[in-house]
Colleague: 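What follows is a structure written as structure tokens; I'll ask about it next.
Model, not experiment: these values are computed from the prediction. Just so you know, ligand 1 is whichever comes first in the structure, and atom 1 is the first atom listed for that ligand.
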Amino acid sequence: MANVAVLGAGSWGTALSIVLADNGHDVRLWSHRKEQAETINRTRKNEKYLQGILPEQITAFHDLKEAVTGVAAIIVVVPTKAIREVSQNLNNMLAEKPTIIHASKGIEPDTLKRVSEMISEELTTYDYEEIVVLSGPSHAEEVALRHPTTVTVSAVNMDNAKIAQDLFNSDTFRVYTSSDILGIELGGALKNIIALGAGISDGLGYGDNAKAALMTRGLAEIARLGTSLGANPLSFLGLPGVGDLIVTCTSVHSRNWRAGNLLGKGNKLDDVLEQMGMVVEGVRTVKAAYQFAKEQQVEMPITSGIYQILFEEKTPKAVVDELMSRDKRDEMDDISILLNERYTQ
Ligand SMILES: NC(=O)C1=CN([C@@H]2O[C@H](COP(=O)(O)OP(=O)(O)OC[C@H]3O[C@@H](n4cnc5c(N)ncnc54)[C@H](OP(=O)(O)O)[C@@H]3O)[C@@H](O)[C@H]2O)C=CC1
Ligand SMILES: O=C(CO)COP(=O)(O)O
């Protein structure tokens, strides 16, 4: 059993700490708020972020250096806007070389970097190839209840991915490996945009037909962008692709779905984000995907529509009307183009 540090004491950091503690590891859950760390240690609860009593093997820390000293692995689970700051702060704190695993889902606007790229840019003693991602359909609330959950871990260096698999795998939390880190990170990040769309659709009062259409055509555009960047198209049919798309678009646990739902009911973005009180990663990622699509010259009509709702004050109804009146086409156009590009050269 190992000493493991989990950086980020929100919903997902706390749930992953429970998985690790159940597997017998000693978990140091780091919070950037001193009062939160003290409350967790005193009450064994992290009530703002997750219901339930935390296992004894979890100890909260506020001092980052203390939290990471001597650990075998570090799990980075802060919102993507905090990834660079937290990674940079780890420089000069690590005498050994613990395995770095991240479980955050997003793409950085402007740089268009994935989380593994941001970590390796800031944490100077690590190469991109060494960083592991953990992603898949996994609401923190259900993981904390020990309901069956499946995720995928991936890294260029598959030995590191297997270390992550061994740390987390259990009879309630089944962990697969994949060698396609690009596809795994893109699937997890981009599905949040479609989940915002599914929430908007539900908020407008549309039914299951509309949501199924958004999910299916949303997956097509995620795969189109991902494949243009070099990801394996089959990754988007896996757990961090269609699996995470299903769980996020159809669940009231999803913060992205909930935020979209409030937008669909006519609320303003700033008010919605204030009400949520937790990270809604899709809002930042839609900016990145919108830029990425332009740069790659890839058609992403749903993503563009959601971007326009969030940042250009277009009404959801106007976006739906535009999506429904686009030029007629063959459903399999996208898939045949991307498979041809990949396999017939
Ligand atoms: N919740 C889930 O079910 C899942 C979430 N994820 C991903 O995990 C990541 C984290 O999400 P989640 O835990 O749910 O988010 P939450 O909003 O629940 O919690 C975020 C945590 O990060 C802390 N934080 C914010 N900024 C910083 C910073 N600069 N330095 C250190 N800590 C900071 C917050 O502190 P404060 O209290 O001060 O705001 C809070 O404790 C996201 O990328 C999300 O997409 C992935 C799978 C499942
Ligand atoms: O990624 C998630 C589940 O796999 C959680 O999604 P939300 O961030 O929308 O809550």
Side-chain angles (χ1 to χ4, degrees), residues 5-19 29-37 39-40 46-51 60-64 67 75-90 101-108 114-116 118-119 122 133-145 147 149-153 168 173 184-185 187-199 239-261 273-274 276-286:
V6 176
L7 311 186
S11 325
W12 193 217
T14 309
L16 287 176
S17 298
I18 293 173
V19 175
L29 176 58
W30 174 76
S31 166
H32 71 150
R33 292 186 190 278
K34 192 163 187 250
E35 332 75 78
Q36 187 192 18
T39 305
I40 290 174
N46 186 12
E47 266 177 337
K48 178 181 172 200
Y49 287 108
L50 204 61
Q51 296 306 304
F61 284 69
H62 172 59
D63 185 314
L64 183 60
I75 325 300
V76 183
V77 206
V78 289
T80 50
K81 69 173 175 17
I83 287 282
R84 286 192 186 273
E85 175 196 328
V86 170
S87 306
Q88 209 173 70
N89 289 341
L90 289 173
I101 303 160
H102 85 80
S104 303
K105 294 175 178 172
I107 303 171
E108 188 172 51
R114 290 170 285 116
V115 175
S116 60
M118 289 189 256
I119 294 175
E122 302 299 333
V133 58
L134 181 152
S135 190
S138 49
H139 288 307
E141 295 83 347
E142 296 181 10
V143 169
L145 292 171
H147 286 183
T149 299
T150 51
V151 297
T152 301
V153 289
F168 280 98
F173 196 81
I184 304 314
E185 284 188 302
L190 295 169
K191 60 84 191 174
N192 283 333
I193 301 171
I194 309 302
L196 280 168
L239 295 168
V242 72
D244 213 355
L245 190 72
I246 292 170
V247 98
T248 322
C249 292
T250 63
S251 171
V252 289
H253 291 314
S254 164
R255 285 82 47 93
N256 287 284
W257 179 88
R258 291 208 309 265
N261 194 248
L273 294 180
E274 205 176 307
M276 295 298 301
M278 291 189 200
V279 66
V280 182
E281 288 280 17
V283 172
R284 210 163 169 259
T285 299
V286 76

Colleague: Can you tell me if G136 has a non-hydrogen atom under 4.0 Å from ligand 2?
Modeller: yes
Colleague: Can a donor-acceptor pair be found, under 3.5 Å and without considering hydrogens, that links the side chain of R258 to the backbone of V252?
Modeller: yes
Colleague: Name the option, out of S31, G106, A103, that contains the heavy atom nearest to atom 7 (C) of ligand 1.
Modeller: A103
Colleague: I need the H253 NE2 to T248 OG1 distance, nearest 0.5 Å.
Modeller: 11.5 Å
Colleague: Of all the atoms in ligand 2, which lie at a distance below 4.0 Å from a heavy atom belonging to N256?
Modeller: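 Close to N256: 7 (P), 8 (O), 9 (O).
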Colleague: Could you list which atoms of ligand 2 come closer than 4.0 Å to a heavy atom of V247?
Modeller: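 Contacts of ligand 2 toward V247, numbered from 1: 3 (C), 4 (O).
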Colleague: Are any of the N/O atoms in H139 less than 3.5 Å from those in ligand 2?
Modeller: no
Colleague: If you take all heavy atoms of V151 and L239, which pair is closest and at what distance?
Modeller: O-CD1, 3.9 Å
Colleague: Hey, does the side chain of E281 reach the backbone of N192 with a donor-acceptor pair shorter than 3.5 angstrom?
Modeller: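 Here the side-chain-to-backbone pair does not exist.
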Colleague: I'd like to check whether H32 has a polar contact with ligand 1, where a contact means an N/O of the residue lying under 3.5 Å from an N/O of the ligand.
Modeller: yes
Colleague: Give me the nearest non-hydrogen protein atom to atom 19 (O) of ligand 1 as residue plus atom name, then the distance to 0.1 Å.
Modeller: G10 CA, 3.1 Å
Colleague: Is there at least one pair of N or O atoms, one from T248 and one from ligand 2, spaced under 3.5 Å apart?
Modeller: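 No - when backbone and side-chain N and O of T248 are compared with those of ligand 2, no distance drops under 3.5 Å.
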Colleague: If only atom types and distance count, is the side chain of W30 paired as donor or acceptor with the main-chain N or O of H62 below 3.5 Å?
Modeller: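 Here the side-chain-to-backbone pair exists.
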Colleague: Tell me, which protein residue and heavy-atom name are nearest atom 45 (O) of ligand 1, and how many Å apart are they?
Modeller: E281 CG, 3.4 Å
Colleague: Would you mind reporting whether E108 and R84 have side-chain heavy atoms less than 4.5 Å apart?
Modeller: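 Yes, close enough: below the 4.5 Å cut-off.
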Colleague: Can you find an N/O atom of S11 closer than 3.5 Å to an N/O atom of ligand 1?
Modeller: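 Yes.
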Colleague: Is the shortest side-chain heavy-atom distance between S31 and I40 below 4.5 Å?
Modeller: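 S31 vs I40: side chains apart.
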Colleague: Might you point out which heavy atoms bring R255 and S11 nearest each other, and give the distance in Å?
Modeller: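 Shortest heavy-atom separation between R255 and S11 comes out as NH1-OG, 3.9 Å.
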Colleague: Taking C-beta and beyond as the side chain, do V76 and I83 meet within less than 4.5 Å on heavy atoms?
Modeller: yes
Colleague: Among all protein heavy atoms in this structure, tell me which lies nearest to atom 11 (O) of ligand 1, with the distance rounded to 0.1 Å.
Modeller: V279 CG1, 3.7 Å
Colleague: Examine V77 against ligand 1 and note whether any of their N/O atoms are separated by less than 3.5 Å.
Modeller: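 N/O-N/O distance under 3.5 Å: no.
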Colleague: So if I count the atoms of ligand 1 from 1 in the order they appear, which ones are less than 4.0 Å from some heavy atom of A9?
Modeller: 41 (O)
Colleague: Suppose I only count heavy atoms of K105 and a 4.0 Å limit; which atoms of ligand 2 are within that range?
Modeller: 1 (O), 2 (C), 3 (C), 4 (O)
Colleague: Does W30, backbone or side chain, put an N or O under 3.5 Å from an N or O of ligand 1?
Modeller: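 The answer is no, given that W30 and ligand 1 share no N or O pair closer than 3.5 Å.
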Colleague: Strictly under 4.0 Å, does any heavy atom of G8 approach an atom of ligand 1?
Modeller: no
Colleague: What are the two closest non-hydrogen atoms of V77 and G13, and how far apart are they?
Modeller: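 Closest approach of V77 to G13: CG1-N, 3.8 Å.
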Colleague: Got a second to check how far W12's CH2 is from L134's CG, nearest 0.5 Å?
Modeller: 6.5 Å
Colleague: Using a 3.5 Å distance criterion without hydrogens, assess whether the side chain of D244 forms a donor-acceptor pair with backbone atoms of S135.
Modeller: no
Colleague: Hey, could you give me the NE2/OG1 distance between H139 and T149, rounded to the nearest 0.5 Å?
Modeller: 10.0 Å
Colleague: Ignoring hydrogens and angles, tell me if any N or O in the side chain of S104 forms a donor-acceptor pair with the backbone of V78 under 3.5 Å.
Modeller: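 Flag set: sc S104 to bb V78 pair under 3.5 Å.
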Colleague: Given that the side chain starts at C-beta and the backbone is N, CA, C, O, which of these parts of V86 lies under 4.0 Å from ligand 1, counting heavy atoms, or is it both or neither?
Modeller: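 The answer is the side chain.
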Colleague: Would you give the length of the straight line joining atom CG of L90 to atom CD1 of I119, rounded to the nearest 0.5 angstrom?
Modeller: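 Rounded to the nearest 0.5 Å, the CG-CD1 separation comes to 9.0 Å.
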Colleague: Just jot down the ligand 1 atoms closer than 4.0 angstrom to any heavy atom of V78, in number order.
Modeller: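 So the atoms of ligand 1 that pass are 31 (C), 32 (N).
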Colleague: Among protein heavy atoms, which lies nearest atom 3 (O) of ligand 1, and at what distance?
Modeller: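 Answer, as residue, atom name and distance: A140 N, 2.8 Å.
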Colleague: I need the contact type for V280 against ligand 2. Using non-hydrogen atoms and a strict under-4.0 Å cut-off, is it side chain, backbone, both or neither?
Modeller: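 None of V280 does.
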Colleague: Quick one: does S138 get a heavy atom under 4.0 Å from ligand 2?
Modeller: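 Within the 4.0 Å threshold, so yes.
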Colleague: Does an N or O anywhere in R255 fall below 3.5 Å from an N or O of ligand 1?
Modeller: yes
Colleague: Among all protein non-hydrogen atoms, which one is nearest to atom 13 (O) of ligand 1, and what is the separation to 0.1 Å?
Modeller: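 Minimum-distance protein heavy atom for atom 13 (O) of ligand 1 reads W12 N, 2.9 Å.
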Colleague: With heavy-atom distances below 4.0 Å as the criterion, list the atoms of ligand 1 near E85.
Modeller: 29 (N)
Colleague: Does an N or O anywhere in A82 fall below 3.5 Å from an N or O of ligand 1?
Modeller: no
Colleague: Compare all side-chain heavy atoms of I18 with those of F173 and state whether any distance is below 4.5 angstrom.
Modeller: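 Side chain of I18 against side chain of F173, heavy atoms only: no contact under 4.5 Å found.
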Colleague: Taking side chain as C-beta onward, heavy atoms only, is V280 less than 4.5 Å from L196?
Modeller: yes
Colleague: For ligand 2, is there an N or O atom under 3.5 Å from any N or O atom of V279?
Modeller: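 N/O-N/O distance below 3.5 Å does not exist for this pair.
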Colleague: Could you point out which residue of R114, H102, K105 forms a side-chain contact (heavy atoms from CB on, under 4.5 Å) with V133?
Modeller: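 Single side-chain contact (heavy atoms from CB on, under 4.5 Å) partner of V133 among R114, H102, K105: H102.
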Colleague: Pairs of nitrogen or oxygen atoms closer than 3.5 Å, one from T80 and one from ligand 1: do any exist?
Modeller: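 So ligand 1 has no N or O lying under 3.5 Å from an N or O of T80.
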Colleague: Residue-level breakdown please: for M278 versus ligand 1, do any non-hydrogen atoms fall below 4.0 Å on the side chain, on the backbone, on both, or on neither?
Modeller: both
Colleague: Heavy atom to atom 48 (C) of ligand 1, shortest distance: which of P137, G136, S138 holds it?
Modeller: S138
Colleague: Which pair of heavy atoms, one from G8 and one from L29, lies closest together, and at what distance?
Modeller: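 The answer is O-CD1, 3.7 Å.
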Colleague: Report yes if D244 has an N/O atom closer than 3.5 Å to an N/O atom of ligand 2; otherwise report no.
Modeller: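 Such a contact does occur with ligand 2.
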Colleague: May I ask you to check if ligand 1 and Y49 share an N or O to N or O distance below 3.5 Å?
Modeller: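 Such a contact does occur with ligand 1.
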Colleague: So, N256 side chain and G282 main chain: donor-acceptor pair closer than 3.5 Å or not?
Modeller: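 Checked: pair present.
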Colleague: Counting heavy atoms only, name the option from E142, K191, M276, M278 that's nearest to atom 1 (O) of ligand 2.
Modeller: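 That would be K191.
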Colleague: For the 3.5 Å polar cut-off, considering only N or O atoms, please tell me whether H139 and ligand 1 meet it.
Modeller: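 In fact, backbone or side chain, H139 has no N or O that close.
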Colleague: Starting from atom 38 (O) of ligand 1, find the nearest protein heavy-atom neighbour and note its residue, name and distance.
Modeller: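 Nearest protein contact, heavy atoms only, for atom 38 (O) of ligand 1 is R33 NE, 2.4 Å.
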Colleague: Evaluating non-hydrogen atoms only, which member of S254, G13, P79 is closest to atom 22 (O) of ligand 1?
Modeller: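 The residue whose heavy atom sits nearest atom 22 (O) of ligand 1 is P79.
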Colleague: Which heavy atom of A144 sits nearest to which heavy atom of L50, and what is that distance?
Modeller: CB-CD2, 3.7 Å
Colleague: Check whether any N or O atom of K105, backbone or side chain, sits under 3.5 Å from an N or O atom of ligand 1, and answer yes or no.
Modeller: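 Yes, K105 has an N/O under 3.5 Å of an N/O on ligand 1.
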Colleague: Quick test: of every protein heavy atom, which one is nearest to atom 8 (O) of ligand 2, and how far off is it to 0.1 Å?
Modeller: R255 NH2, 3.0 Å
